[in-house]
Enquirer: 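Sending over a structure as structure tokens; questions will come in a sec.
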Amino acid sequence: MDVAELDQILLAGAAILLVAVLAIRLSARIGLPSLLIYLGMGLLLGESGPGHIHFENAQLAHALGFAALVVILTEGGLTTRWNEVRPVMPLGLMLATVGVAISVGVVACVAHFVLGLSWQLSVLLGAVTSPTDAAAVFSVLRKVPIRPRLRGALEAESGLNDAPTVLLVTLVSTGEVGEKGLLSFTGLVLYELVVGAIFGLLIGWVSVGLIRRMALGSAGLYPLAVLSVAFISYAGGSVLLHVSGFAAVYVTSLVLGRAELPHRIATRSFVDGIAWLAQIGLFVMLGLLASPGQFELNDVLVALVIGIAVTVVGRFASVAVSAAPFRLPWAERTFISWAGLRGAVPIVLATIPLAEGVPQADRIFDVVFVLVLLFTLLQGPSLPWLAKRLNVLDENAAHEVDIDVAPLESLGADMLQVHVPSESRLAGVEIGELRLPPGVSVSLVIRGEQAFVPDRRTVLRAADSLLIVAPSPVREQTVRRLRAVSRAGRLAGWFGERGREQTD
């Protein structure tokens with residue numbers, strides 16, 4: 001490749017990326033999941049479209065797909081609040097293990113007895129289509145403000161269910177699942193999940209201490225450090241311990257997201273942008289890998305049957321069994337069942353049998369591709385309506401406040417940058433009514449293009465930005481207090497640190 005060819009590739013790549021970014025707003029306006037637009041772009045650029053780009057390297061697609069999923073899981077873990085995930089982590093684990101097993105069994109039986117497929121193809125279809133997709137779940141839940149425990153359960157499940165399904169698809173594709181047996185396979189899955197989670201917890205805990213103590217020369221270096229830690233967790237778990245790198249990186253990201261790291265909002269914004277880039281590249285690449293000109297009517301019919309089996313029968317059965325010990329209301333079970341979105345993960349998993357040369361693997365890929373297109377188009381736009389009908393929306397979601405932290409190490413203090421969103425109940429509250437811990441000072445208020453030093457009688461307004469200096473020992477107490485007032489207003493003390501949320 002010479003410089004001229006590189007320039008052409010950069011021009012085409014930048015143009016595609018810009019169109020993909022602009023398509024995000026279009027997808028939000030028309031209620032169409034953005035992943036469908038990106039897959040469509042890949043199809044147009046592929047050999048069956050006007051782009052005529054020939055791409056059939058299943059092994060490269062498999063490797064790049066896993067790398068993209070690491071970035072997506074990192075962003076999901078960083079933006080997931082641990083106080084929401086922790087109470088429902090047992091439910092998430094049940095959905096990611098027992099729920100996946102039930103779904104695989106249901107789909108495999110339907111594929112074998114109804115469609116007449118071989119047991120190998122039937123189990124592969126079940127394993128490939130059973131996991132929910134982190135990118136699809138995280139992106140949709142940002143737009144649907146559901147109750148914290150529902151959001152936490154869905155995010156935990158999508159972050160953890162990759163490990164058992166990747167292992168099952170790999171073993172079935174290589175023919176090793178029959179040699180290991182059910183007991184050995186179950187033990188291997190538990191080992192990969194548990195040890196991977198412990199390894200991720202350890203990496204996250206050590207990294208938090210290091211990042212807090214590092215005085216980096218630029219705020220832009222902190223996001224790079226966090227992203228590097230995420231890849232170390234994934235690759236270290238996979239290479240050194242042979243455990244689930246996906247479980248490790250998700251747990252590490254949860255730990256990093258929970259910690260009050262320097263420039264936390266800047267870090268999240270950076271990783272969010274990288275995650276969007278990973279999603280765009282992943283879906284466009286998978287669209288390139290597909291060959292719609294080879295799709296047959298029989299593949300569409302099989303996709304419909306398998307889609308109904310996994311989305312309706314398998315998913316509802318797996319949620320019913322997994323949620324039984326937790327006594328969830330039927331409305332919440334129904335929403336969790338319908339919100340189990342499939343996206344890039346099933347298509348990426350379908351590249352494993354392709355790379356291993358499994359007979360009829362191309363048919364599996366075609367069926368899964370059509371299934372994802374059809375059922376994402378059906379499920380995604382319906383979730384806001386369903387959440388409203390089932391009354392599982394979080395009424396306080398619009399009142400939350402974002403707080404960034406920058407260290408003032410020489411003073412033993414931290415500077416908090418607080419933005420007052422339009423729906424926050426901080427608006428209308430006087431500075432003195434915040435009742436912040438002793439020693440904490442609201443140093444500056446930025447309102448529009450003006451900045452001024454407030455007094456105790458200054459009334460906060462929507463869209464204000466505050467600079468607050470807090471001694472390090474009371475920083476977390478200050479953050480909790482600000483979030484409580486943001487949710488419940490000047491009477492937040494009546495409802496505790498989480499505001500009105502505790503009364504739901």
Side-chain angles (χ1 to χ4, degrees), residues 78-84 142 145-148 151 212 219 257-269 393-504:
L78 288 175
T79 56
T80 298
R81 291 176 182 164
W82 177 244
N83 61 334
E84 296 178 357
R142 291 191 188 99
I146 58 175
R147 293 173 186 169
R151 181 168 57 247
R212 278 180 173 176
R258 178 175 179 264
E260 297 291 343
L261 297 176
H263 305 288
R264 184 175 62 172
I265 291 182
T267 299
R268 288 180 176 177
S269 297
L393 293 173
D394 179 17
E395 298 178 356
N396 290 321
H399 304 145
E400 193 55 275
V401 63
D402 287 326
I403 302 175
D404 199 4
V405 180
L408 302 173
E409 295 167 351
S410 61
L411 303 177
D414 296 286
M415 183 176 68
L416 312 182
Q417 180 178 339
V418 182
H419 178 73
V420 182
S422 58
E423 298 296 328
S424 171
R425 291 194 173 99
L426 278 172
V429 175
E430 296 181 359
I431 296 292
E433 293 175 323
L434 293 176
R435 288 180 287 168
L436 299 175
V440 177
S441 173
V442 181
S443 303
L444 193 69
V445 173
I446 302 173
R447 180 171 295 163
E449 298 181 354
Q450 296 182 345
F452 59 92
V453 177
D455 57 33
R456 291 181 55 84
R457 300 303 301 273
T458 299
V459 179
L460 300 179
R461 297 180 184 175
D464 280 354
S465 292
L466 316 178
L467 295 182
I468 302 175
V469 177
S472 296
V474 297
R475 181 191 64 189
E476 293 187 6
Q477 182 182 353
T478 304
V479 170
R480 291 196 299 266
R481 178 61 190 166
L482 288 168
R483 286 184 171 151
V485 178
S486 181
R487 284 177 172 267
R490 56 175 55 88
L491 298 180
W494 294 95
F495 304 104
E497 292 176 345
R498 293 291 291 168
R500 294 182 183 273
E501 186 180 50
Q502 293 183 343
T503 65
D504 290 342

Enquirer: Taking side chain as C-beta onward, heavy atoms only, is Arg435 less than 4.5 Å from Arg481?
Expert: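 Yes, side chains in contact.
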Enquirer: Quick check for you: to the nearest 0.5 Å, what is the distance between Leu444 atom CG and Ile468 atom CD1?
Expert: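 Interatomic distance, Leu444 CG to Ile468 CD1, rounded to 0.5 Å: 11.0 Å.
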Enquirer: Using a 4.5 Å cut-off on heavy atoms from C-beta on, say whether the side chain of Val469 contacts that of Val440.
Expert: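 Val440 vs Val469: side chains apart.
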Enquirer: Does atom CZ of Arg258 have more than 12 heavy-atom neighbours, drawn from other residues, nucleotides or ligands, at distances under 6.0 Å?
Expert: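 Incorrect, the count does not exceed 12.
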Enquirer: Atom OG of Ser486 and atom CG of Leu460: how far apart are they, to the nearest 0.5 Å?
Expert: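 That separation rounds to 10.5 Å.
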Enquirer: Give me the atom names and distance for the closest heavy-atom approach of Val459 to Glu430.
Expert: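 Scanning both residues, the minimum pair turns out to be CG2-CG, 3.8 Å.
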Enquirer: Quick check for you: to the nearest 0.5 Å, what is the distance between Leu393 atom CG and Ile146 atom CD1?
Expert: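 Between Leu393 CG and Ile146 CD1, I get 8.5 Å after rounding to 0.5 Å.
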Enquirer: Roughly how far, to the nearest 0.5 Å, is the CZ atom of Arg425 from the CZ atom of Arg490?
Expert: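 Between atom CZ of Arg490 and atom CZ of Arg425 there are 11.5 Å.
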Enquirer: Does a side-chain heavy-atom distance below 4.5 Å link Arg475 with Leu416?
Expert: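 In contact.
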Enquirer: Is there side-chain contact between Asp455 and Ile431, with heavy atoms separated by less than 4.5 Å?
Expert: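 They are not in side-chain contact.
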Enquirer: Taking the side chain as every heavy atom from C-beta outward, state whether Arg480 and Glu476 have any pair of such atoms under 4.5 Å apart.
Expert: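 Sidechains of Glu476 and Arg480: in contact.
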Enquirer: Evaluate the side-chain proximity of Leu426 to Leu434: yes if any heavy-atom separation is below 4.5 Å, no if none is.
Expert: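 Of all side-chain heavy-atom pairs linking Leu426 with Leu434, at least one is under 4.5 Å.
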Enquirer: Using every non-hydrogen atom in the two residues, find where Gly439 and Pro471 come nearest and quote the distance to one decimal.
Expert: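 Heavy atoms only, the tightest pair is O-CD, 3.5 Å.
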Enquirer: Can you confirm whether Val453 sits close enough to Val442 that some side-chain heavy atom of one is under 4.5 Å from a side-chain heavy atom of the other?
Expert: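 Val453 does not reach Val442 side chain to side chain.
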Enquirer: Is it true that a side-chain atom of Thr478 and a backbone atom of Val474 form a donor plus acceptor pair closer than 3.5 Å?
Expert: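 Confirmed, Thr478 side chain pairs with Val474 backbone.
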Enquirer: Short question: side chain of Gln450, backbone of Arg447 - any donor-acceptor pair under 3.5 Å?
Expert: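 No, Gln450 side chain to Arg447 backbone: no donor-acceptor pair under 3.5 Å.
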Enquirer: Once you round to the nearest 0.5 Å, how far does CE of Met415 lie from CG of Leu467?
Expert: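 The CE atom of Met415 sits 5.5 Å away from the CG atom of Leu467.
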Enquirer: Which atom names give the shortest non-hydrogen contact between Glu433 and Gly428, and what distance separates them?
Expert: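 Taking every non-hydrogen atom into account, OE1-O, 4.4 Å.
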Enquirer: Going from CD1 on Ile446 to CG on Leu466, what distance comes out if it is rounded to the nearest 0.5 angstrom?
Expert: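 Those atoms lie 8.5 Å apart.
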Enquirer: Please find the pair of heavy atoms, one from Ala462 and one from Pro421, that lie closest to each other, and give the distance.
Expert: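 Looks like CB-O, 4.2 Å.
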